[in-house]
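Worksheet: the structure to be examined is printed underneath.
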Amino acid sequence: METPGLIVHGEAAPFSTALRSLVNNPLYSDVRFVVGQERQEVFAHRCLLACRCNFFQRLLGSEPGPGVPTPVVLSTVPAEAFLAVLEFLYTNSAKLHRHSVGLCGASSRFPHLLWASVPILPHTPASLESNVHRYRQKYGYLSQLCLQFVMKMLDVELVCEALQIAVSFGLGPLQERCVAFIEAHSQETLRTRGFLELSAPALLLLLRSDKLCVDEAELVLAARSWARVGAAVLERPAAEVAAPVVRELRLALLAPAELSALEEQNRREPLIPVEQIVEAWKCHALRRGDAARGAPCRRRKGTLPREHHRFLDLPFK
């Protein structure tokens, strides 16, 4: 009977260092990528990529064709993010920072490294769902490391962008973390550029929360500012831009004087449906919370007290 062999392990650090030296190294390279809008040339090694990632296995095929291989163009992937993905594939580790994961300011709409870890192919909006599925299924470990990094790096300036990432990619844990952070830092967050650039689905998540630490009057002003920015960017009327989210504003929480001022402003700059304002007035007139039970009369954590709130009989819990 043959004696079982003994598995010995060498030091991990020199091994990782040696493989890291091959990242973007033309030595023995048999595949080239042209990456990003700057069309940066990146060198890699076919066998390593194929055995480490199913995407590259399908992309590169079983063996190279004759002659000089044609470079693979990935124009929608930022070069820095793609190099971070390669580093992870070669060494099973990668250095993460805000720029490589896409948190480099509110102008960045999608996560660089999170998205590049698919990695990305030229796509149309119609193929977004399938790309997200591949993102979740084909390189989950790196994406999970990125998610952990993003959640640790959250701050007021970046949380709205992170929330947009979470909503766009269906990343539940990150979405919950972002909403909780914004609930605790509501007033500061409403003043950021990232808030003004949220999509309607992302803003809806916030406006449906009872735990926002902000008064309704401030939320109404913030929603109007958000709609103005969206109207300018999309070249559509502000009321049309605001339509998916404005119903979540709880106008019945405003005092009569505030509601009158809002109504007057709404005549000059239509944003809120007239019937929504009428419902708020109805709640005041009847002085009964059960006249409009539910979200329109439910106070948020940051709602400032007003005299008529005692008639709502719906304290924050």
Side-chain angles (χ1 to χ4, degrees), residues 5-64 69-104 108 110-121 131-154 158 162 165 169 171 173-174:
L6 176 67
I7 298 177
V8 296
H9 297 275
E11 294 184 27
F15 177 77
S16 178
T17 299
L19 284 177
R20 185 173 282 105
S21 71
L22 293 177
V23 176
N24 198 18
N25 189 337
L27 184 65
Y28 308 124
S29 169
D30 55 359
V31 61
R32 291 181 300 140
F33 297 89
V34 176
V35 184
Q37 296 181 352
E38 298 79 12
R39 298 184 64 80
Q40 178 176 334
E41 189 174 40
V42 176
F43 298 93
H45 304 81
R46 179 184 298 268
C47 64
L48 195 150
L49 297 185
C51 73
R52 286 281 282 154
C53 179
N54 290 339
F55 171 82
F56 282 115
Q57 188 178 64
R58 295 193 305 271
L59 178 68
L60 301 176
S62 58
E63 56 185 55
T70 303
V72 179
V73 179
L74 298 173
S75 59
T76 55
V77 181
E80 184 174 2
F82 186 71
L83 286 170
V85 171
L86 288 189
E87 181 182 357
F88 187 84
L89 292 175
Y90 277 68
T91 69
N92 213 38
S93 65
K95 184 177 181 180
L96 302 181
H97 49 83
R98 291 187 177 190
H99 183 75
S100 65
V101 299
L103 293 178
C104 52
S108 175
F110 293 99
H112 294 169
L113 185 50
L114 286 173
W115 190 247
S117 64
V118 172
I120 207 172
L121 280 175
N131 280 330
V132 170
H133 178 73
R134 284 185 293 157
Y135 158 78
R136 290 172 172 170
Q137 300 295 326
K138 299 303 182 184
Y139 220 83
Y141 186 61
L142 176 56
S143 68
Q144 287 302 312
L145 293 179
C146 293
L147 284 178
Q148 293 173 20
F149 173 82
V150 170
M151 286 192 280
K152 289 180 180 179
M153 294 295 293
L154 285 182
L158 297 175
I165 289 169
F169 287 81
L171 306 177
L174 179 59

So which atom in [X] and which in [Y] form the shortest heavy-atom distance, rounded to 0.1 Å?
X: Arg52; Y: Asn92; value: NH2-OD1, 3.1 Å
X: Leu49; Y: Ala44; value: CD1-CB, 3.7 Å
X: His45; Y: Tyr28; value: CD2-O, 3.3 Å
X: Pro71; Y: Val34; value: CB-CG2, 3.7 Å
X: Gln40; Y: Ala79; value: OE1-CB, 3.3 Å

Can you tell me how far the [atom1] atom of [X] sits from the [atom2] atom of [Y], to the nearest 0.5 Å?
X: Arg46; Y: Cys51; atom1: CZ; atom2: SG; answer: 13.0 Å
X: Leu22; Y: Thr17; atom1: CG; atom2: OG1; answer: 11.5 Å
X: Leu89; Y: Leu19; atom1: CG; atom2: CG; answer: 11.5 Å
X: Leu48; Y: Ser29; atom1: CG; atom2: OG; answer: 11.5 Å
X: Leu154; Y: Leu174; atom1: CG; atom2: CG; answer: 6.5 Å
X: Phe43; Y: Leu27; atom1: CZ; atom2: CG; answer: 11.0 Å

Query - Listed once per pair and sorted, the salt bridge (charged side-chain N to carboxylate O under 4.0 Å, His left out) pairs that draw on residues 12-25, sequence neighbours left out - result: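 Every salt bridge (charged side-chain N to carboxylate O under 4.0 Å, His left out) pair that includes a residue of residues 12-25, provided the two are not neighbours, is Arg20-Glu87.
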Query raised in the report: What do the steps show when you test Val42 against Leu83 for side-chain contact (heavy atoms from CB on, under 4.5 Å), and what is the final call?
Result: CA-CA 8 Å; Val42 176; Leu83 286 170; 3.8 Å; yes
Query raised in the report: Is the backbone of Ala18 close enough, under 3.5 Å, to the side chain of Ser21 for a donor and an acceptor to pair up by distance?
Result: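 Yes: the side chain of Ser21 pairs with the backbone of Ala18.
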